[in-house]
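Remarks on the structure that follows.
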Amino acid sequence: MALGVAVIGMGWMGRVHTRAYARVHQHYPDLPTPELIAVADDVPGRAASAAEQFGFAASVSDWHELLDDPRIQAVSVTAPNFLHREMGVAFAAAGKHLWIEKPVGLSAADARAITGPGQVTVGFNYRHAPAVAKARELIRTGEIGAVTHARFSFCSDYAASPDDALTWRFERERGGSGVLGDLGSHAVDLIRHLLGEIVEVSADTAILIPQRRRALGATSGHQRGTGEPGPVENEDWFAALLRLESGARVTCEASRVAYGDPNHYGFTIYGTRGLLAWDFRRMGELRLRDATVFAGPGDGEFAAFQPGAAIAMSYDDLKVIEASLFLRSIVTGVPQGPGLADAIRAAEILEAMLAAASSGRNRTVVSESRSSG
Ligand code: NAD
């Protein structure tokens, strides 16, 4: 059985989704083989060269042309955040299944606006790491006792230098809430996935590099800026204190300007009988109390990739797992993995953090000298 797919936005994530479509049947032979029907990108030539490189049957610069194509059953929305709502609403209303990247728009309202008869899978990929699945199972079975508190950190350096370009990510109208939507949405999703619902937040945020140079020409991913200087409009950093439904306390920090600390995503979770810690940069390992344990067959989806514990998996493998959840949702009609409700809830919590930070609630001035918003 084949399933016709289209990819909208052929930057970093568009390429990752496309590679996942190419591999998903190899790892999950019971699932349909995605057929690459069309790719859309508005940068001249980008969709056409992607079609040639990856084997899409057609390429277009205007994604609207794909809305009524009956050969397309599923669509990856991998364009910048400000386009998620318009694209998501249109494709969902046209009856297409959606694999849409986080944060799903600029706000919870954007994510809520997307409704249709199809399945929706959201790109919260860190859930899928087999070591994270193992951590969830160890928590569920009481291995570390009752969780008392935890620390989640999603810090990276992709914008640590003022020379890193002012792209759509740094504009409020196109990128939304900066590092909150970008990395904070992953952190919030992982907290909820592992530890349960968040019920109260307080937070602080900052724009730490207020000006950058614009990128010259079309952008993709992260790059240097050599154009005119312009203002950074959204958050580079935030830290939040969270209370969970369980009563556990969590600190959550994210940064895009953590110099020298690329992709430092992970957590330490403390329970009454031990701790669990995970670092994305050593994705297959989990610290359980004072021991290192390795993810292996039996942990999450590990067995679909490798036959023995401690054989390294990759970031792209997480997206293959996500593609399998998307396809399985379509085949069974039963949602699997992170969906729209998770994106809406993450966005609501991030909005609560922004509101708490701007209200200054829980903040006490202890020196007159300096306290900047
Ligand atoms: P990017 O800038 O590399 O790519 C975006 C692409 O969309 C570009 O090729 C651009 O030309 C194209 N585009 C822009 N306007 C378009 C339009 N009107 N029609 C068609 N294409 C258009 O960005 P990226 O890093 O790939 O991020 C894209 C999305 O993926 C963002 O929402 C981001 O938050 C998300 N993302 C998720 C993860 C993850 O770990 N899940 C990682 C990176 C990015």
Side-chain angles (χ1 to χ4, degrees), residues 6-20 38-51 53-54 59-67 75-88 90-91 98-107 110-111 121-129 154 156 158-159 164-171 173-187 189-190 215 217-223 234 254 256 262-263 265 280 283 314-323 326 337-338 342-343 346-347 350:
V7 176
I8 316 299
M10 207 57 184
W12 176 23
M13 271 308 108
R15 287 165 182 272
V16 174
H17 279 224
T18 305
R19 291 196 294 268
V39 54
D41 200 295
D42 70 340
V43 170
R46 193 173 279 181
S49 71
Q53 183 183 356
F54 292 96
S59 62
V60 296
S61 57
D62 181 355
W63 58 271
H64 295 90
E65 289 175 38
L66 305 179
L67 281 170
V75 174
S76 278
V77 174
T78 48
N81 301 351
F82 73 103
L83 292 164
H84 293 175
R85 178 180 182 144
E86 188 189 349
M87 291 174 171
F91 282 112
L98 280 184
W99 181 10
I100 187 164
E101 269 307 329
K102 40 60 59 177
V104 189
L106 304 173
S107 63
D110 279 2
T121 298
V122 175
F124 287 132
N125 33 255
Y126 297 105
R127 280 185 184 207
H128 312 316
F154 267 66
S156 196
Y158 69 77
D164 292 320
L166 187 65
T167 62
W168 60 266
R169 283 192 158 78
F170 301 86
E171 297 170 9
E173 277 194 5
R174 296 199 296 162
S177 56
V179 77
L180 281 88
D182 196 23
L183 300 179
S185 61
H186 279 303
D189 182 69
L190 214 47
T219 66
S220 175
H222 309 303
Q223 58 205 72
N234 56 22
R256 61 188 180 190
N263 301 301
Y265 310 149
F280 166 68
M283 190 165 76
S314 71
Y315 175 84
D316 272 30
D317 290 340
L318 303 186
K319 283 303 202 194
V320 174
I321 295 171
E322 202 162 270
F326 180 45
D342 298 298
L350 295 168

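Just so you know, residue 1 is the first one in the sequence shown, and it goes up from there. Indexing begins at 1, ligand by ligand and atom by atom, following the structure's order.
- For a threshold of 3.5 Å applied to N or O pairs, the pair formed by Ser61 and ligand 1 contains no separation below that value.
- Near Leu83, the atoms of ligand 1 lying under 4.0 angstrom from a non-hydrogen atom of the residue are 15 (N), 16 (C), 17 (C), 18 (N).
- In summary, the atoms of ligand 1 found under 4.0 Å from a heavy atom of His186, numbered by their order in the structure, are 39 (C), 40 (O), 41 (N).
- Comparing Trp63, Tyr315, Tyr126 by heavy-atom distance to atom 40 (O) of ligand 1, the nearest is Tyr315.
- For His84, the ring-ring contact (aromatic ring centres under 6.0 Å, His included) criterion is met by no residue, not counting sequence neighbours.
- Close approach of ligand 1 to Asn81 (heavy-atom distance below 4.0 Å) involves ligand atoms 31 (C), 32 (O), 33 (C), 34 (O).
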message: Is there a side chain to side chain contact (heavy atoms under 4.5 Å, CB included) between Phe91 and Leu67? Walk through the geometry before answering.
response: CA-CA 6 Å; Phe91 282 112; Leu67 281 170; 3.5 Å; yes
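- With ligand atoms numbered from 1 in the order given, ligand 1 contributes 39 (C), 40 (O), 41 (N) to contacts under 4.0 Å with heavy atoms of Asn125.
- Which parts of ligand 1 touch Gly123 is read off a 4.0 Å heavy-atom cut-off, strictly below it: atoms 41 (N).
- By the 4.5 Å heavy-atom criterion applied to side chains, Met10 and Val43 are not counted as neighbours.
- Aromatic ring pairs are classed by plane angle as parallel below 30°, tilted from 30° to 60° and perpendicular above 60°; the pair Tyr265 and Phe280 is parallel.
- On a distance-only criterion, Met13 and ligand 1 share at least one N/O pair closer than 3.5 Å.
- Atom 10 (C) of ligand 1 has its nearest heavy-atom neighbour, among Leu318, Asp41, Thr167, in Asp41.
- Considering only heavy atoms from C-beta on, Tyr315 comes within 4.5 Å of Val16 through its side chain.
- With ligand atoms numbered from 1 in the order given, ligand 1 contributes 24 (P), 25 (O), 27 (O), 44 (C) to contacts under 4.0 Å with heavy atoms of Arg169.
- The distance from the CG atom of Asn234 to the OG atom of Ser177 is 7.0 Å, given to the nearest 0.5 Å.
- The shell of residues lying under 4.0 angstrom from ligand 1, judged by heavy atoms, includes Trp168.
- Within the set Pro44, Ala79, Pro103, the minimum heavy-atom distance to atom 29 (C) of ligand 1 is found for Ala79.
- Ligand 1 does not have Arg15 within reach: every non-hydrogen atom of the residue lies 4.0 Å or more from it.
- Near Val43, meaning under 4.0 Å from any of its heavy atoms, are these atoms of ligand 1: 11 (O).
- Heavy-atom contacts of His84 reach the following atoms of ligand 1: 32 (O) (cutoff under 4.0 Å).
- At least one side-chain heavy atom of Pro338 sits under 4.5 Å from a side-chain heavy atom of His128.
- Scanning for salt bridge (charged side-chain N to carboxylate O under 4.0 Å, His left out) contacts around Lys319 gives Glu101, Glu322, with sequence neighbours left out.
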- request: Start with the C-alpha gap between Arg169 and Asp182, add the side-chain angles, then the distance that decides, and say whether side chain to side chain contact (heavy atoms under 4.5 Å, CB included) holds.
  value: CA-CA 8 Å; Arg169 283 192 158 78; Asp182 196 23; 3.8 Å; yes
- prompt: So Leu318 and Met283, side chain to side chain contact (heavy atoms under 4.5 Å, CB included) or not? Walk me through it.
  reply: CA-CA 10 Å; Leu318 303 186; Met283 190 165 76; 3.7 Å; yes
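- One option in His64, Lys102, Met10 has a heavy atom closer to atom 35 (C) of ligand 1 than any other, and that option is Lys102.
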